[in-house]
Participant: 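First the structure, which I've put down as structure tokens, then a few questions once you've had a look.
Remember, it's 1-based here, ligands and their atoms both numbered in the order they're listed.
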Amino acid sequence: MSNSLDSPVPPPVLAAAQARRSHSKVTEDAPSTAELERLLGAAGRVADHSALHPWRLIALRGESRARLGRALADAAGLHGSGAASLAAKPMRAPLLIAVVSSPQPSHKVAEWEQEAVASGVAHMLSLLLHEAGWGVMWRTGPHTRSKAVAAMHGLAPGEKLLGWLYVGGIPDRLGSSHDKRAPLEHRLSTLES
Ligand SMILES: Cc1cc2nc3c(=O)[nH]c(=O)nc-3n(C[C@H](O)[C@H](O)[C@H](O)COP(=O)(O)O)c2cc1C
């Protein structure tokens with residue numbers, strides 16, 4: 001039996017996933033809130049045990065990125081030029097989307113399952129942003145789960161950051177090709193008995 005994987009035109013989700021790559025350098029263009037909401041309407045449809053929606057996103061634009069930078073420097077206990085260089089990191093993109101795992105009370109769905117949903121939303125949103133023509137890179141760091149950074153985002157008790165999607169325009173001139181992806185077929189094994 002043939003399926004659409006065999007068709008000369010690859011199915012759109014397959015093509016989008018194959019084409020996705022991260023962009024570490026982006027321009028100052030950024031998607032609007034309306035565009036983000038539209039993409040999130042799709043990204044938020046990932047599999048979600050008991051439909052708890054155990055996640056939320058916080059868009060950081062403008063000066064809020066500098067506040068994040070100061071929180072990172074605080075968390076690192078840095079001063080002077082070390083603090084300035086860490087504080088500048090969130091300015092690498094015009095839009096940062098903080099991915100928040102926001103576990104909901106449940107007797108049935110463990111917290112790790114709920115984090116998996118939040119992670120899935122972030123991956124799906126990255127894919128959709130890339131398909132829409134935006135450059136995206138998911139970034140974290142040693143201070144992602146520090147108190148200073150949680151306070152800067154206004155996280156509630158129990159909420160945890162999974163990092164930030166750094167989003168911006170794709171530069172006309174891309175850096176040298178970085179596609180170092182290894183073949184992944186060997187990651188699949190099959191148990192039949
Ligand atoms: C949860 C998570 C956190 C990440 N944090 C970083 C990071 O802090 N710095 C970094 O260089 N890459 C980080 N990455 C990896 C990049 O987002 C990216 O996937 C990697 O550079 C490979 O590029 P590619 O997505 O084009 O294959 C992270 C990825 C994930 C899923």
Side-chain angles (χ1 to χ4, degrees), residues 10 13-27 30-31 36 39-40 43-44 46-48 54-60 64-76 78 82-83 85-103 111-146 148-150 152-153 155 159-188:
V13 179
L14 179 68
Q18 285 172 332
R20 190 208 65 81
R21 52 158 287 190
S22 299
H23 288 89
S24 59
K25 290 200 169 62
V26 291
T27 71
L36 281 185
L39 297 177
L40 195 54
V46 296
D48 181 352
W55 54 273
R56 67 189 180 98
L57 305 178
I58 304 168
L60 307 182
S64 67
R65 296 169 303 153
R67 287 203 295 118
L68 170 57
R70 289 195 288 275
L72 289 168
D74 270 4
L78 289 172
S85 118
L86 185 57
K89 295 216 178 259
M91 308 310 284
R92 286 176 290 180
L95 167 66
L96 273 59
I97 303 174
V99 180
V100 184
S101 166
S102 191
E111 193 169 318
W112 68 265
E113 293 191 57
Q114 301 195 36
E115 279 211 9
V117 178
S119 171
V121 170
H123 279 295
M124 187 68 86
L125 183 60
S126 299
L127 179 66
L128 291 166
L129 281 164
H130 184 264
E131 187 189 38
W134 297 108
V136 184
M137 182 138 170
W138 189 338
R139 295 183 187 272
T140 47
H143 310 296
T144 303
R145 292 197 167 177
S146 65
V149 170
M152 182 269 148
H153 288 80
L155 299 191
E159 288 189 324
K160 291 187 187 121
L161 276 176
L162 297 186
W164 301 266
L165 303 182
Y166 280 57
V167 184
I170 297 180
D172 290 338
R173 286 173 61 113
L174 291 179
S176 59
S177 169
H178 79 149
D179 202 342
K180 300 175 229 136
R181 282 178 252 194
L184 297 173
E185 294 78 5
H186 67 286
R187 293 276 168 179
L188 172 67

Participant: I'd like to know if the side chain of Trp138 reaches the main chain of Leu162, judged simply by a donor and an acceptor atom lying under 3.5 Å from each other, with no hydrogens or angles considered.
Facilitator: yes
Participant: Got an N/O contact under 3.5 Å between Arg139 and ligand 1?
Facilitator: no
Participant: With atoms numbered from 1 as shown, which atoms in ligand 1 lie under 4.0 angstrom from a non-hydrogen atom of Arg20?
Facilitator: 24 (P), 25 (O), 27 (O)
Participant: Look at atom 18 (C) of ligand 1 and find which of Pro142, Ser126, Ser22, Ala122 reaches it with the closest heavy atom.
Facilitator: Ser22
Participant: Please state whether the rings of His130 and His23 are parallel, tilted or perpendicular, taking 30° and 60° as the class boundaries.
Facilitator: parallel
Participant: Take every heavy atom of His23, measure it against each atom of ligand 1, and state whether any distance is under 4.0 Å.
Facilitator: no
Participant: Under 3.5 Å, is there a donor-acceptor pair between the side chain of Arg20 and the main chain of Ala17?
Facilitator: no
Participant: Please name the residue in the list Glu115, Glu159, Lys160 that meets the side chain to side chain donor-acceptor pair (under 3.5 Å) test with Ser102.
Facilitator: Glu159
Participant: For Leu95, run the side-chain contact (heavy atoms from CB on, under 4.5 Å) check against Leu129, Val167, Leu60 and tell me which one passes.
Facilitator: Val167
Participant: Relative to the heavy atoms of Arg21, which atoms of ligand 1 are at a distance of less than 4.0 Å?
Facilitator: 26 (O)
Participant: Look only at interatomic distance and state if Thr140 has a nitrogen or oxygen under 3.5 Å from any nitrogen or oxygen of ligand 1.
Facilitator: yes
Participant: Taking Pro90's backbone N and O only, do any of them form a donor-acceptor pair with Arg139's side chain (distance below 3.5 Å, no angle check)?
Facilitator: no
Participant: Which ligand 1 atoms does Met137 reach within 4.0 Å, using its non-hydrogen atoms?
Facilitator: 10 (C), 11 (O), 12 (N), 16 (C), 17 (O), 21 (O)
